[in-house]
Amino acid sequence: MHLRHELRRIFSAALSAAAAAGDIPDDSDDLSLTEMVRATTDAKFGDYTATVAMPLAKRAGKPPRQVAEAIIAKLEPGEWFDAPQAPVGPGFINLTVKNEALGRIVAEAAADPRLGVPPVETPSRIVIDYSSPNVAKPMHVGHIRSTVIGDALARILAFRGHEVTTDNHLGDWGTQFGMILWGWKHCRNDTAYADNPTAELGRLYRLVRKAADAKPEELANDPEAAELAAAHPTLARDVLQETARLHEGDEENRTLWASFMPVCQAEIDRVYTRLHVHFDHTLGESFYQPFLGEVVEELLAKEIARESRGAIGIFTDGEEKPPLLIRKADGAFLYATTDLATIRWRMQHWKPDRVLYVVDHRQSQHFRQVFAAAEAWGYGDVDLVHVAFGTVLGEDGRPFKTRAGDTVGLEALLDEGVARALEVVATSQAARAGDAMPVEEQQAIAEAVGIGAIKYADLSQNRATDYVFSFDKMLELKGNTAAYMQYAVARVEGIFTKGGIDREPLREQLKQGEISFSDPRERALALQLARFPEALDEVEADYRPSSLTAYLYEVAGAYSTFYDALPVLKAEGHERTARLALCDLTGQVLRHGLELLGITVPTRM
RNA sequence: GCGCCCGUAGCUCAGUUGGAUAGAGCAUGGGAUUUCUAAUCCCAGGGUCACAGGUUCGAGUCCUGUCGGGCGUACCA
C-alpha cells in the first residue's frame, strides 16, 4: 500500500471533477499539481497535506480558500483517509489516515515479503558503474564512497523492480601501469614480491609516482624517491613510454601486465568480500582496448572529432573551450576514448535505458563532455547520469591522509572501525548482567557495527559537498548512525526471544483480525512504517541513498520512543497484538532497509 | 580568467524539489531504570539559513550581484 500514490490518485480525480464543474480551470489536473501532495511537517496538521489550492487560485481568479473548498467538495477520500476538514491557513488541505486503515496497512505489510512496497510500474534497464578502482594502487578511503553508494543504489533500484546490471569499470590499463612496469624493471625487490605481491607493486607505484611527479615537497620527505628522480631526469617520459609499449602490444610488457592482473584482482576482491559488494560484470579499461582505434576512426569519419595541436579531440563546448581529447599527439588513447567505447559497447550489448556513473564530483566536467560527445555520436537515446559525490576529508579539513602524507588504506580503515566497535561491544557486555556472549559472536557484531558505521557515514551524508571522516562520530552509536538502527533491531529481536513468540503464526493471525492503535506513539510509528515506499521513491528521484537513511533514522527514533514508553509483552489482548505487529514490522523494515544499504544486521548486540 | 559545487546552532550535518513555528546528533544543563537490551528515552537553552536585492499568496530552497571556501580547466584517471 502506497499512501502517497493513493492520495495523489484521489486528488487527481477531484481536480478533474472540479475542473469539469467549472470551479477551476480546465488544465488543472496536470501532474505537477497532484505532486503537491506530501507528508505534513507536523502531526498537528494531519498526516498528509495538499498545497494545490494556492497556485490554482491565481489561475482561477478566486481566493485560495474558495478553490480549496471546491476541491474538498469533489474529494472522495475512500477507504484509507478521513474526509478532510475545512482548508487551513492560506488554503492547505490536510488529510489524516483512518485509524483502521493504518492497522490494516501494518498488518498486511508485516506479512508481505515486500513489506508493502509496490514494484515500479514501468521497470527500466539500468547499468550502474561504480567503485572502478585503479588496480595498480591499493584501495584507499577515496574508493569507499563510490563503492558503497553504488552498491546501495544497485540494491535499492533492483528491489524497486528495475533490471539492474552492475559493472566495475576497473582502471587496469592506464599510465599507472607504466609506473609499475618501469618500477618493476628498475627497482623491484623479488623476495618482497614473492612474499606479498600487491604490497610490492604498491610500493613500486608510490615510489615511481613520487619520483616522476618530482614535487619538491614530496621529495623532501622521501629520500629514496628523491634519489631515483635525480638518477633518472627523463623518468616522467620513460614512464609514459612503458605505457605506450604496453598499449602497442610489446610482448614483455603485456606478459608482465598479465602476471600482475591476477594478484591485483585478488587484492580488491578481498576488500569486496569484506564489504559484501559484488558486481555482475568487471569489464575494465583493458577490455575496451581493442575497440579504441576504430572508435577514434569512426568519430573522425563522422566529423564529430578532429585533429587539433597534433591530438584528436571533440569540441563539445565550442572552439574556445578545451576539447574532449580522445587521442594524444603521441598516438596513445585516453580515458575519454575508453569511456566512449564503453558507452557504445553497453548500448550494443545491454541496451540500457539509464547508465549511472557513481564517480567523484571532480570528474563532472569530464562526464558532461563525454555525455555530449556520446549524444553527438548517436547514443543519445539513454539517460547518462553522473551521480557525483564529494571528497573525503580528514578532521583537519584537508584530504584524508596519514601523518606521513600517504592516503589511508581501505583495509586498515575497516580494521580500525571494527576494532573500535569491538571495544564498545566488550564494554557493554561487561556492564551487562546475565548470560555472556561468546567471543565469536562479539567479533561478528563488531564486524557488522564497525563496517556498518563506515558505510552508513558515507550513505547518510551523500551530498555534493566534501565530508569529514571521523571514527569518533560515526561510531558514536547515538544519533543518525548504523549502530542506532542495528540496536533498535536487536531490541525488537529481544522482545520476540524473551516472549517466546513465533512470528509466522503472528503474521497469519494479523491477516485475519483487525488491529488498531490508541496511543499517539503507536500511531506515529505505524504511520512512519507505512511510508517505507515513499522513502524508496525519493532515493530514486535523486539517486540519494541519504533519503533512505533519513527515513530509517526516523523509524528507529519512533520505535525507541514507543519502546521506552509502552510495554509490549506485558500488554494484553488486542493491545498486545497491535504492539507485537508494530515490533515485527519495525524489525523487518529496519533490517530490510539496512540490507538495501549493504549493512549487516546482527540479531543481538 | 572561465566553468561546476558549496556557505544553515559552538562542532558535524539534515531540510521531502517553493509550503505552515528551519530540524537532528555531538557538546552544555536538568530528569527517567523494582518493568521487554540505558548502545535508550524525556525536557531545556542555543539561528541575521554568508550578505544585498529580485520573483510571488509564500523563499533556507528559484533568479541577479557581492563576499568567502572547494574542485576542475589540452594530451593523468
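Below, read A as the first sequence line, B as the second, and so on, with proteins coming before strands; counting in each chain starts at 1.
- The cationic group of A:R4 does not satisfy the cation-pi geometry with A:Y48, failing either the under 6.0 Å distance to the six-membered ring centre or the 45° limit from the ring axis.
- Ring stacking holds between A:F45 and B:A20, with the centres under 5.5 Å apart and the planes within 30 degrees of each other.
- Using a 4.0 Å heavy-atom criterion, one finds that A:R309 contacts the bases of the nucleic acid, with or without backbone contacts as well.
- Checked options A:F333, A:F177, A:W173; the residue passing with A:H247 is A:W173 (criterion: ring-ring contact (aromatic ring centres under 6.0 Å, His included)).
- B:C41 and B:G3 are spaced 48 Å apart, taking the P atom of each and rounding to whole Å.
- One can place CG of A:N480 at 11 Å from P of B:G15, the figure rounded to the nearest angstrom.
- Pairing partner, B:G47: none, since no Watson-Crick or wobble contact has both distances short of 3.5 Å.
- A gap of 14 Å separates the P atoms of B:G18 and B:C6, to the nearest Å.
- Under the 4.5 Å side-chain criterion, counting only non-hydrogen atoms from C-beta, A:V135 is in contact with A:M261.
- Counting to the nearest Å, the P atom of B:C42 and the OH atom of A:Y563 are 15 Å from each other.
- A distance of about 31 Å separates the C1' atoms of B:U55 and B:C71, rounded to the whole Å.
- Across all strands, A:S308 comes closer than 4.0 Å to base atoms (heavy-atom distances).
- Residue-level contact check: A:T175 touches the backbone only, with heavy atoms under 4.0 Å from sugar-phosphate atoms and none from bases.
- A 3.5 Å limit on both hydrogen-bonding distances identifies B:G31 as the Watson-Crick or G-U partner of B:C41.
- Using the Watson-Crick or G-U wobble rule with both distances under 3.5 Å, B:C67 pairs with B:G7.
- Heavy atoms of A:S547 sit nowhere under 4.0 angstrom from any nucleic acid atom.
- B:A20 has its base stacked against the ring of A:F92, the centroids being under 5.5 angstrom apart at an interplanar angle below 30°.
- For A:F45 and A:F92, the ring centers sit 6.0 Å or farther from each other.
- In this entry the distance linking CD of A:Q369 with C1' of B:A77 reads 15 Å, nearest Å.
- A distance of about 10 Å separates the C1' atoms of B:U8 and B:A50, rounded to the whole Å.
- Across the C1' atoms, B:A14 and B:A9 are found 13 Å apart, a figure rounded to whole Å.
- Between A:T49 and A:I93 the shortest side-chain heavy-atom distance does not fall below 4.5 Å.
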**Q.** Intermediate values then yes/no, side chain to side chain contact (heavy atoms under 4.5 Å, CB included), A:I599 and A:Q486
**A.** CA-CA 9 Å; A:I599 293 171; A:Q486 289 167 323; 3.7 Å; yes
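- A:L594 is listed as a side-chain neighbour of A:M485, based on a closest heavy-atom distance under 4.5 Å.
- When both distances must be under 3.5 Å, the Watson-Crick or G-U wobble mate of B:A24 is B:U12.
- The pairing partner recorded for B:C36 is none, the criterion being a Watson-Crick or G-U wobble arrangement whose two distances lie under 3.5 angstrom.
- Contact annotation: the side chain of A:Y357 never approaches that of A:S132 to less than 4.5 Å [non-hydrogen atoms, C-beta and beyond].
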**Q.** Contact state string [nucleotides 2-8 of chain B, B base, S sugar-phosphate only, - no protein heavy atom under 4.0 Å]
**A.** S--SSS-
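- As rounded to the nearest Å, B:C11 and B:G53 have C1' atoms that lie 32 Å from one another.
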